[in-house]
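Beneath this line is the structure, given in structure tokens, with notes to follow.
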Amino acid sequence: MIALAHDIARKKFGQTFPNPTVGCVIAKNSKIISKAVTNFSGRPHAEEIALAKAGSKSKGATMYVTLEPCFHSSRNGSCTDQILRAGIKEIFISVADPDTRTNNKSIKKLKKNNVIVNVGLDKDKTYKLNNFFFTSIKKKQPFTKVKLAISDDEKIAWYNYKSKWISNEYSREYAHKLRSMSQAILTTSKTLMKDNPSLTIRLKKNLETHIPIIVIDKDLKIPTNSKILRDISKKRIIIFTSRKNKKYEDLTKLGCELIFCKLNKDKKLNLKKIFYIIYSLKISDILVEAGGIFFTDLIKNKLVDELHIFKSKKIIGKNGKPAIWGKSLSDLKLYLSEVKKFKEDKYYNYRLI
């Protein structure tokens, strides 16, 4: 049953931000009477939906859930209170919720009210599926993934930035899937000026969807004709800058959220502080699509959790723009978690150790 709970949770990954995706199954006499997963944008929770579906059949039943039920209040009370009111006899919980509002409080309350509680079943599956959730709560900053398309000699562009695509169409299609499994995309004004990307999600023909876009723009150089500023009523654009000028006012009127940040002693924006602010905006998972200089800054500030590398067989040469300045990717402490082939391209998913 807990395996089924994980399976249904996995299918909805990327649709429940900022909350984790949680699966719940209620069974009685070895028969499933209800199952549910966290709803879009995180509410209602999986347990609440499953209990509503089961109704009076929940009395004396067993619940299987991939994360500890919430302890904090919602419209119908906490999930823990709803479980007690429904008369659930026994519950299997994969992992305790690290959120301080709940952490082990629900487990204690359920035990105190004579519910049989089992914790730890298939816990690794929950950690792996919702890694962003556990990591962001621990670090108080968004789980940060960096996507890079690189040549065989680890370059991201020709010296003059004239290169359009390094990876092939199959890699680019998978890159859109990565966007769809992210809460927001983070980029820089330099990337917008060089490439002018749309940063939309295109998984189906003639259909574009949007997720929030965060722009690091110290001197407020974002071009007003940037593709990301089109149809702005359909998307959320957040810009971090150190400038307050007419463009600041114009972009605010346009509908962008501008956040003013003072420069540090090196005349740069404080990336660690910015990432803390992003987390305070309830954005706990971001996909970075920017250049090698910004990637290098993120590495220096220890802000990268995961790498998505699309490597082609192309050779750009020593004058090309490197993926990471002053180092090779092999110099980083990486754990390889997945490899895929997209025709002649190879995709590598790394976790930073």
Side-chain angles (χ1 to χ4, degrees), residues 1-134 137 181 183 282 284-285:
M1 296 295 182
I2 199 70
L4 175 60
H6 278 105
D7 286 343
I8 60 175
R10 189 177 300 108
K11 290 175 182 176
K12 212 164 189 177
F13 183 82
Q15 300 174 41
T16 64
F17 292 125
N19 288 2
T21 176
V22 175
C24 178
V25 176
I26 300 174
K28 196 171 186 179
N29 300 324
S30 301
K31 291 184 179 181
I32 296 171
I33 59 174
S34 177
K35 57 184 179 180
V37 63
T38 312
N39 200 19
F40 294 102
S41 301
R43 292 282 183 172
H45 290 170
E47 303 95 314
E48 184 171 359
I49 299 170
L51 288 168
K53 286 181 179 180
S56 61
K57 293 179 182 178
S58 295
K59 189 170 183 178
T62 300
M63 176 180 283
Y64 301 81
V65 64
T66 59
L67 186 71
E68 180 182 8
C70 73
F71 189 81
H72 43 285
S73 298
S74 64
R75 185 185 302 172
N76 298 313
S78 69
C79 285
T80 300
D81 288 338
Q82 292 181 57
I83 289 167
L84 292 173
R85 288 202 303 267
I88 293 290
K89 178 183 69 174
E90 185 172 10
I91 185 169
F92 288 82
I93 301 167
S94 287
V95 180
D97 190 337
D99 189 326
T100 54
R101 294 174 298 173
T102 291
N103 189 238
N104 280 299
K105 294 175 183 175
S106 293
I107 291 171
K108 290 177 182 177
K109 186 169 185 176
L110 290 167
K111 287 180 178 178
K112 187 177 179 180
N113 285 273
N114 300 316
V115 176
I116 302 168
V117 179
N118 310 275
V119 182
L121 190 62
D122 280 354
K123 62 182 180 180
D124 290 344
K125 288 184 179 180
T126 298
Y127 284 129
K128 185 177 180 179
L129 178 61
N130 289 301
N131 194 20
F132 83 92
F133 175 69
F134 294 95
I137 284 182
M181 295 188 294
Q183 188 180 0
K282 298 190 183 300
S284 51
D285 177 279

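For this chain, numbers begin at 1 and follow the sequence in order.
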Whether [X] side chain and [Y] backbone form a donor-acceptor pair below 3.5 Å:
{"X": "Glu68", "Y": "Ile107", "result": "yes"}
{"X": "Asp97", "Y": "Asn103", "result": "no"}
{"X": "Thr80", "Y": "Cys70", "result": "yes"}
{"X": "Ser94", "Y": "Leu121", "result": "yes"}

Report summary line: Only residue of Ile8, Ile26, Ile49 satisfying side chain to side chain contact (heavy atoms under 4.5 Å, CB included) with Lys35 is Ile8
**Report entry** Option from Cys79, Ser106, Ser78 for which side chain to side chain contact (heavy atoms under 4.5 Å, CB included) with Glu47 holds
**Finding:** Cys79
Taking all non-hydrogen atoms of both residues, which atom of [X] and which atom of [Y] are closest, and how far apart?
{"X": "Ala46", "Y": "Gly23", "value": "CB-C, 4.4 Å"}
{"X": "Val65", "Y": "Val22", "value": "CG2-CG1, 3.6 Å"}
{"X": "Asn104", "Y": "Ala96", "value": "OD1-CB, 3.9 Å"}

Say you draw a straight line from [atom1] of [X] to [atom2] of [Y]; how long is it, rounded to the nearest 0.5 Å?
{"X": "Ile93", "Y": "Thr66", "atom1": "CD1", "atom2": "OG1", "result": "10.5 Å"}
{"X": "Asn130", "Y": "Arg10", "atom1": "CG", "atom2": "CZ", "result": "10.5 Å"}
{"X": "Gln82", "Y": "Ile88", "atom1": "CD", "atom2": "CD1", "result": "11.5 Å"}
{"X": "His45", "Y": "Asn39", "atom1": "NE2", "atom2": "CG", "result": "10.0 Å"}
{"X": "Ile33", "Y": "Lys28", "atom1": "CD1", "atom2": "NZ", "result": "6.0 Å"}
{"X": "Leu51", "Y": "Ile83", "atom1": "CG", "atom2": "CD1", "result": "6.0 Å"}

Answer whether the closest heavy-atom distance between the side chains of [X] and [Y] falls below 4.5 Å.
{"X": "Ser284", "Y": "Phe132", "value": "yes"}
{"X": "Leu84", "Y": "Lys109", "value": "yes"}
{"X": "Thr21", "Y": "Gln15", "value": "no"}
{"X": "Gln183", "Y": "Pro18", "value": "yes"}

Query raised in the report: Would one find more than 12 heavy atoms of other residues, nucleotides or ligands at under 6.0 Å from atom NZ of Lys12?
Result: yes
Query raised in the report: When you look at NZ of Lys105, are more than 12 heavy atoms from neighbouring residues, nucleotides or ligands closer to it than 6.0 Å?
Result: yes
Query - side chain to side chain contact (heavy atoms under 4.5 Å, CB included) against Thr62, all qualifying residues, sequence neighbours excluded - result: Tyr64, Glu90, Phe92
